[in-house]
Amino acid sequence: MSMLRIFDVAGSAVSAQSQRLNTVASNLANVDTVAGPDGKSYKARQVVFQTTLMGNVAQREASAGVRVSNITEDQTPGRRVLDPKHPSADADGYVTYSNVNPVEEMVNMMSASRSYQNNVEVMNTARGLLLKTLQIGQ
Amino acid sequence: MINRLTDSLEFHTQALSLRAERQRLIASNIANADTPGFQARDFDFAAALRAASGNNAVGDGIAQDVMRGDGPGASANASPVLRYAVPSQTNLDNNSVDMDRERSAFVDNSVKYESTLRFINGSVRTTLDAMKSYHQA
């Protein structure tokens, strides 16, 4: 039953995409986070996808799942805003916010959500086909 | 003797398992739509089916094989040759999955999988009807 492997493949993609959606959520939540007393602000996070082969040796070549190999932090300096009255302002009166770009994150979110939907549809189709296969000869 | 009954299903069985294989391949492409460096793959269905059912033209493959007596599909489970897709647009992260192409291939393949299922169901039903006695029918 090589079709059963589709659930592993699409399932791995769904979980990778949901992890991506998770990082987008934490990035968006921290758009306006200011740097703490140590001067370090929140850094935007990005997931890195990697192909992973699934199943036994005979099925390996055709079953390419996906996994999150690691999560990287964007090292560009955070946004600095002049606001001397702000409690977290530094000696020059600047406040350092996180380096999250909300527009990029929204695009990332839409892309993740579309990919998620695609993979759910793949699973639904595979399920329908397998159920019909079970009814052969009835 | 009994293999005469099942031989006619052999061709469709092969087509069905190749369709399942292709479905899995396209699912892998869709799963890796966002993976950097992933190259989309596919195989030539007609050529794979021809290879699986013994190098004859698809249409008359069964008849000739049955006459030869060794049944179709000497190389039954030879896995098809996978080819890499040519990217339709250049991509910064070297990913060659074209979602439009993959989606249409996926729908196309599932419809054809289902039609192969119907062919099999049809022949099974025909065989069963032929086995029924005059009074049962």
Side-chain angles (χ1 to χ4, degrees), chain A residues 1-17 19-20 46-55 57-69 108 111-112 114-138, chain B residues 6 9 12-13 16-43 48 77-82 93 95 97 99-100 102-103 105-128:
Chain A
M1 292 299 277
S2 66
M3 285 262 281
L4 284 175
R5 196 61 63 194
I6 290 181
F7 294 109
D8 295 348
V9 171
S12 74
V14 162
S15 79
Q17 294 294 347
Q19 207 165 331
R20 180 178 172 200
Q46 301 289 346
V47 292
V48 180
F49 285 164
Q50 193 182 41
T51 304
T52 165
L53 298 179
M54 320 187 104
V57 181
Q59 299 179 333
R60 278 223 143 164
E61 218 183 333
S63 309
V66 61
R67 69 186 181 92
V68 174
S69 62
N108 212 349
S111 166
R114 291 283 176 267
S115 301
Y116 193 99
Q117 286 172 17
N118 278 333
N119 283 291
V120 170
E121 201 184 304
V122 166
M123 279 198 272
N124 275 330
T125 311
R127 175 177 164 274
L129 289 179
L130 278 171
L131 285 181
K132 279 179 185 136
T133 313
L134 282 178
Q135 289 169 357
I136 282 186
Q138 279 181 9
Chain B
T6 51
L9 284 175
H12 290 308
T13 312
L16 195 70
S17 59
L18 278 174
R19 285 278 169 218
E21 187 83 3
R22 179 144 188 260
Q23 195 80 355
R24 199 153 54 87
L25 201 58
I26 298 172
S28 304
N29 289 345
I30 293 179
N32 282 285
D34 296 319
T35 311
F38 184 82
Q39 304 286 308
R41 290 165 310 168
D42 203 348
F43 63 84
N77 288 320
S79 50
V81 186
L82 299 184
D93 64 358
N95 183 305
V97 180
M99 268 319 281
D100 301 326
E102 298 303 333
R103 281 184 73 107
F106 190 79
V107 172
D108 168 77
N109 199 59
S110 25
V111 169
K112 285 175 178 165
Y113 183 92
E114 241 178 271
S115 45
T116 307
L117 275 181
R118 288 204 190 177
F119 295 148
I120 293 177
N121 267 327
S123 351
V124 168
R125 204 154 300 147
T126 311
T127 314
L128 286 178

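Below, chain A is the first sequence line, B the second, and so on; all start at residue 1. Scope of the values below: all heavy atoms of this structure, side chains included, with no hydrogens, waters or symmetry mates. Please read all numbers here as calculations on a predicted model, not as lab measurements.
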Do other residues, nucleotides or ligands put more than 12 heavy atoms under 6.0 Å from the CZ atom of F119(B)?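 Atom CZ in F119(B) is not crowded, with 12 or fewer foreign heavy atoms closer than 6.0 Å.
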Nearest non-hydrogen partners of [X] and [Y], listed with the distance:
X       : Y       : result
Q23(B)  : I6(A)   : CG-CD1, 3.5 Å
N118(A) : M99(B)  : ND2-CE, 3.0 Å
A27(B)  : V122(A) : CB-CG1, 3.7 Å
P36(B)  : F49(A)  : CD-O, 3.5 Å
S111(A) : D34(B)  : OG-OD1, 4.2 Å
S28(B)  : A64(A)  : OG-N, 3.0 Å

Measuring heavy-atom distances to chain B, does R20(A) have an atom under 4.5 Å in its side chain, in its backbone, in both, or in neither?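 Side chain only.
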Given heavy-atom pairs under 4.5 angstrom as the criterion, report whether the side chain, backbone, both or neither of R103(B) touches chain A. side chain
Measure distances from I30(B) to the heavy atoms of chain A and classify the residue's part below 4.5 Å as side chain, backbone, both or neither. both
Value rounded to 0.5 Å, distance of [atom1] in [X] from [atom2] in [Y]:
X       : Y      : atom1 : atom2 : result
R5(A)   : E21(B) : CZ    : CD    : 11.5 Å
R67(A)  : N32(B) : CZ    : CG    : 12.0 Å
I136(A) : L9(B)  : CD1   : CG    : 9.0 Å

Compare all side-chain heavy atoms of E121(A) with those of F106(B) and state whether any distance is below 4.5 angstrom.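 No; the side chains remain at least 4.5 Å from each other.
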As a quick check of understanding, evaluate side chain to side chain contact (heavy atoms under 4.5 Å, CB included) for N121(B) and Q135(A), giving each step before the final call. CA-CA 9 Å; N121(B) 267 327; Q135(A) 289 169 357; 5.9 Å; no
